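Since the structure is predicted, the reported quantities are computational estimates derived from the model, not experimental observations.
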Amino acid sequence: MELSSRPVPDRPVRSVEELMELLHACRGAWDTPDRSGDPVDLHDHALQTAHLLRRSHPADKELQLAGLVHDLGHLLHPGDDAGHAETAARAVRPLLGARVARLVELHVAAKRYLAAVEPDRTLSPQSALTLRAQGGVMGPEEAAAFARDPWAEDAVVLRQADDAGKTVGLDAGVMEDWRPVLELVARSAEQPSGGAC
């Protein structure tokens with residue numbers, strides 16, 4: 001089934017079950033409707049990114065889930081490379097809380113930031129192509145402003161896992177393994193303080 005034919009909600013996700021349905025719908029969905037982009041589908045990319053973050057930051061469940069859901073905007077609004085991060089952030093904020101949503105929102109800005117501070121850094125061909133549509137390499141003032149964001153460092157970690165999570169055939173587990181983590185973070189986000197996990 002092509003990405004553009006998938007029925008997806010254009011509203012915030014309100015339950016873990018609804019989010020799991022979206023994540024499962026990422027199987028066979030690609031970051032570009034014509035499959036000319038990254039070599040793995042959105043499902044495998046989500047699992048690989050979250051898996052890498054689980055290995056590097058085992059105690060940070062919110063960061064791991066940001067990796068799992070960061071590209072849902074490609075499913076929700078196919079072809080919107082420039083706005084996919086904001087789309088995904090809006091979708092998950094009510095369920096997963098402010099920090100997960102902010103990290104998802106910042107993952108594109110983190111790419112632009114890294115392109116500025118590490119100009120020799122290699123991007124996947126698709127990431128290099130979309131960089132321009134997403135605002136291009138940050139200038140010095142914009143990079144300094146990004147670095148002042150309280151979650152900039154975590155967004156960079158997410159971005160690095162995002163860039164690494166595009167390996168064909170890598171076994172990163174199954175989506176259902178993430179249901180308990182989603183439930184844990186969703187419960188935490190319901191609390192008045194929206195505390196981190």
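- His84 places none of its side-chain heavy atoms less than 4.5 Å from the side chain of Asp31.
- Separation of atoms CG (Leu106) and CG (Asp154) is listed at 9.5 Å; rounding is to 0.5 Å.
- In this structure, Leu131 and Ala115 approach most closely via the heavy-atom pair CD2-CB, 4.1 Å.
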Practice prompt. Starting from the C-alpha separation in whole Å, work towards a yes-or-no answer on salt bridge (Lys or Arg N to Asp or Glu O under 4.0 Å) for Asp60 and Arg54.
Written response: CA-CA 8 Å; Asp60 194 341; Arg54 179 182 270 171; over 6 Å; no
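- By the 4.5 Å heavy-atom criterion applied to side chains, Thr167 and Val40 are not counted as neighbours.
- By the 6.0 Å contact criterion, CZ on Arg121 is enclosed, its count of non-hydrogen atoms from other residues, nucleotides or ligands being greater than 12.
- In this model, a donor atom of one side chain and an acceptor atom of the other lie less than 3.5 Å apart for Asp71 and His107.
- In this model, a donor atom of one side chain and an acceptor atom of the other lie less than 3.5 Å apart for Ser127 and Lys166.
- Taking CD of Glu183 as the start and OG of Ser15 as the end, the distance is 10.0 Å to the nearest 0.5 Å.
- Between Ala189 and Gly97, the closest heavy-atom pair is CB-N, 3.7 Å.
- Put simply, the residue from Glu118, Met138, Glu142 that forms a side chain to side chain contact (heavy atoms under 4.5 Å, CB included) with Tyr113 is Met138.
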Item to complete: Report the C-alpha separation of Asp44 and Leu170 in whole Å, then their side-chain angles, then the decisive distance to 0.1 Å, and conclude whether the side chain to side chain contact (heavy atoms under 4.5 Å, CB included) test is met.
Response: CA-CA 8 Å; Asp44 288 353; Leu170 178 69; over 6 Å; no
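- Both Val16 and Val13 are part of a single hydrophobic cluster, where members link through side-chain heavy atoms under 4.5 Å apart.
- Taking CG from Leu22 and CD from Glu18, the interatomic distance works out to 6.0 Å, rounded to the nearest 0.5 Å.
- Atom-to-atom distance recorded for Leu65:CG and Thr49:OG1 is 12.5 Å, nearest 0.5 angstrom.
- Residues Val137 and Leu123 share a single hydrophobic cluster, defined by chaining ILVMFWY side chains whose heavy atoms lie under 4.5 Å apart.
- Taking CG of Leu68 as the reference point, atom CG of Leu23 lies at 5.0 Å (rounded to 0.5 Å).
- The two residues Phe146 and Ala110 have their closest heavy-atom pair at CZ-CA, 3.7 Å.
- Other residues, nucleotides and ligands contribute at most 12 non-hydrogen atoms within 6.0 Å of the CZ atom of Arg55.
- Contact of the Glu17 side chain with the Arg179 side chain is registered, since non-hydrogen atoms from C-beta on lie closer than 4.5 Å.
- Residues Met20 and Leu42 are members of one and the same hydrophobic cluster, defined by side-chain heavy-atom contacts under 4.5 angstrom among Ile, Leu, Val, Met, Phe, Trp and Tyr.
- A pairwise comparison of heavy atoms in Gly136 and Arg112 identifies O-NE, 2.6 Å as the closest pair.
- Judged purely by distance below 3.5 Å, without hydrogens or angles, the side chains of Asp38 and His45 never pair a donor atom with an acceptor atom.
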Discussion item. As a quick check of understanding, evaluate side chain to side chain contact (heavy atoms under 4.5 Å, CB included) for Leu72 and Leu19, giving each step before the final call.
Written reply: CA-CA 10 Å; Leu72 276 178; Leu19 182 53; 3.5 Å; yes
Worksheet entry | Criterion side chain to side chain contact (heavy atoms under 4.5 Å, CB included) on Arg27 and Asp41, from CA distance to verdict | CA-CA 6 Å; Arg27 181 167 296 288; Asp41 66 11; 4.0 Å; yes
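- A salt bridge does not link Glu105 with Arg90: every distance from a Lys NZ or Arg NE/NH1/NH2 to an Asp or Glu carboxylate oxygen is 4.0 Å or more.
- Residues Lys111 and Asp162 are not paired through a salt bridge, judged by the lack of any N-O separation under 4.0 Å between the basic side chain and the carboxylate.
- The shortest distance between side-chain heavy atoms of Glu86 and Val104 does not fall below 4.5 Å.
- A continuous path of ILVMFWY side-chain contacts below 4.5 Å connects Val69 to Met175, so both sit in one hydrophobic cluster.
- Taking every heavy atom of both residues into account, Asp171 and Gly173 meet most closely at OD1-N, 3.0 Å.
- Note that the CG atom of Leu129 and the CD atom of Gln134 stand 9.5 Å from one another [nearest 0.5 Å].
- Nearest approach of Ala88 to Gly73, heavy atoms of both residues: CB-N, 3.5 Å.
- Looking only at atom types and distance, the side chain of Glu176 has a donor-acceptor partner in the side chain of His24 under 3.5 Å away.
- Side-chain heavy atoms closer than 4.5 Å link hydrophobic residues (I, L, V, M, F, W, Y) into clusters, and following such links, even through other members, never connects Trp151 to Val100.
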Worksheet entry | Verdict with reasoning, Leu182 to Leu96, per side chain to side chain contact (heavy atoms under 4.5 Å, CB included) | CA-CA 8 Å; Leu182 286 166; Leu96 300 179; 4.0 Å; yes
